[in-house]
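Notes to accompany the following structure.
All values derive from a computational prediction rather than experimental measurement. All residue numbers in this chain count up from 1 along the given sequence.
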Amino acid sequence: ITPLFIILVYSFLEPGSYGGVTWNFTPEAYIQFLFERDIFDDTLVFHTSYLQIYGRSVGLALIATLGTLVIGFPTAYFIATKPREQRNFWLFLVTLPFWTNLLIRTYAMLLIIRDEGVINHGLQGVGLIEQPINILYTDFAVCMGLIYSYLPLMVLPLYASLEKLDCRLVEAAYDLYANRFMVLRRIIIPMAKPGIIAGCILVFIPGL
């Protein structure tokens with residue numbers, strides 16, 4: 001909380017001439033966020049440029065969070081239901097990308113989705129497309145990068161919750177004629193709720 005409070009205080013101060021701030025209260029930063037100041041008569045005109053950027057950032061972060069949840073939940077469940085001696089191997093594979101610098105991983109993703117990349121060459125090779133699909137530098141590419149980068153942050157807390165799942169409850173539900181969807185909705189998801197919440201927070205905040 002303290003760093004956020006410091007940032008909040010600084011946002012109401014004047015910028016210094018050579019860096020830093022001058023301790024004079026001013027709401028100018030927030031005025032510039034919502035308005036554009038005319039250079040001739042100093043009048044203010046409302047503009048939405050920063051709001052659009054902020055809204056786009058929130059939207060991409062939400063989509064990335066949902067994407068990691070959709071991929072991460074079955075992945076974590078798969079690992080949690082494996083024999084205990086095999087789980088460390090699967091967790092190792094999940095955390096392996098963290099051993100590589102994020103910049104290198106981002107560049108690797110760029111090589112995969114560019115016009116001459118693996119995806120377009122593969123689709124052209126099987127005859128599904130004639131011209132490369134423009135994936136790079138789009139919102140879709142940003143979401144792919146966010147999901148790829150932050151997927152382990154979703155899988156690990158989900159696994160920590162699902163590992164504690166009492167399989168006897170699932171067996172009892174099937175004995176009482178519950179179908180798979182009911183077991184998932186009434187037993188597995190409620191027990192995994194702490195992991196879902198933690199994973200969504202861990203992905204959404206850095207994604208934003």
Side-chain angles (χ1 to χ4, degrees), residues 1-15 19 21 26-39 42-76 94-95 97-98 100-123 128-129 131-158 189 193 195-208:
I1 294 173
T2 303
L4 293 175
F5 178 73
I6 293 173
I7 292 173
L8 178 64
V9 172
Y10 269 50
S11 70
F12 286 101
L13 301 178
E14 292 182 359
V21 295
T26 175
E28 186 64 25
Y30 294 93
I31 293 174
Q32 291 181 3
F33 182 77
L34 295 173
F35 299 93
E36 188 172 6
R37 194 181 296 276
D38 192 281
I39 60 174
D42 216 32
T43 56
L44 296 175
V45 179
F46 178 74
H47 71 103
T48 60
S49 298
Y50 288 119
L51 290 175
Q52 289 174 356
I53 293 170
Y54 189 76
R56 177 174 175 266
S57 299
V58 173
L60 290 173
L62 286 172
I63 293 172
T65 302
L66 180 62
T68 54
L69 179 60
V70 169
I71 299 172
F73 191 92
T75 303
V94 170
T95 57
F98 277 151
T100 308
N101 185 276
L102 179 60
L103 183 62
I104 296 174
R105 284 185 278 148
T106 304
Y107 188 72
M109 179 65 72
L110 185 147
L111 295 176
I112 293 172
I113 65 177
R114 64 180 181 171
D115 290 352
E116 302 82 17
V118 176
I119 293 178
N120 277 310
H121 272 311
L123 293 175
L128 292 178
I129 59 173
Q131 298 296 326
I133 301 173
N134 182 27
I135 304 175
L136 201 59
Y137 309 122
T138 63
D139 287 347
F140 178 72
V142 174
C143 285
M144 284 183 63
L146 290 173
I147 292 172
Y148 169 66
S149 298
Y150 298 128
L151 183 60
L153 297 179
M154 179 66 76
V155 173
L156 295 177
L158 281 171
I189 290 180
K193 190 176 180 180
I196 294 173
I197 295 173
C200 288
I201 292 173
L202 288 173
V203 172
F204 179 76
I205 292 176
L208 180 60

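Counting heavy atoms from C-beta outward, F204 and L62 have side chains that approach closer than 4.5 Å. No side-chain heavy atom of C143 sits under 4.5 Å from any side-chain heavy atom of D139. Contact check for R37 versus I31: side-chain heavy atoms found under the 4.5 Å cut-off. You'll find the side chain of I63 stays beyond 4.5 Å of the side chain of L146, heavy atoms only. Side-chain atoms of V45 and D38, non-hydrogen and from C-beta on, never get closer than 4.5 Å to each other. For the pair F98/L153, a side-chain contact is recorded, criterion being any heavy-atom separation below 4.5 Å from C-beta on. Using a 4.5 Å heavy-atom threshold, the side chains of F140 and I113 count as separate. Put simply, the side chain of F46 reaches to within 4.5 Å of the side chain of L51, judged on heavy atoms.
A pairwise comparison of heavy atoms in P157 and L202 identifies CG-CD1, 4.2 Å as the closest pair. Of all heavy-atom pairs spanning M154 and T65, the tightest one is CE-O, 3.8 Å. Here the closest heavy-atom approach between residue Y30 and residue S11 is recorded as OH-OG, 2.7 Å. Nearest heavy-atom pair across C200 and L69 is SG-CD2, 4.5 Å. Closest approach of L13 and V9 over heavy atoms only: CG-O, 3.5 Å. Nearest heavy-atom pair, A61 versus G207, reported as atom, atom and distance to 0.1 Å: CB-C, 3.9 Å.
For the atom pair CZ (R114) and NE2 (H121), the distance works out to 7.5 Å, reported to the nearest 0.5 Å. Atom OG1 of T95 and atom CG of L156 lie 7.0 Å apart (nearest 0.5 Å). If you take OH on Y148 and CG on L102, they are separated by 9.0 Å, rounding to the nearest 0.5 Å. Rounded to the nearest 0.5 Å, atoms CD1 (I71) and CD1 (I147) are 5.5 Å apart. Residue I197 holds its CD1 atom at 11.0 Å from CG of L158, rounded to the nearest 0.5 Å. Expressed to the nearest 0.5 Å, how far CE of M144 lies from OG of S149 amounts to 11.0 Å.
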Step-by-step side chain to side chain contact (heavy atoms under 4.5 Å, CB included) determination, Y107 to L111: CA-CA 6 Å; Y107 188 72; L111 295 176; 3.8 Å; yes

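Within a 6.0 Å radius of OH in Y50, no more than 12 heavy atoms belonging to other residues, nucleotides or ligands are found. Within a 6.0 Å sphere centred on CZ of F33, heavy atoms belonging to other residues, nucleotides or ligands number more than 12. In the displayed structure, E116 atom CD is contacted under 6.0 Å by more than 12 heavy atoms of other residues, nucleotides or ligands.
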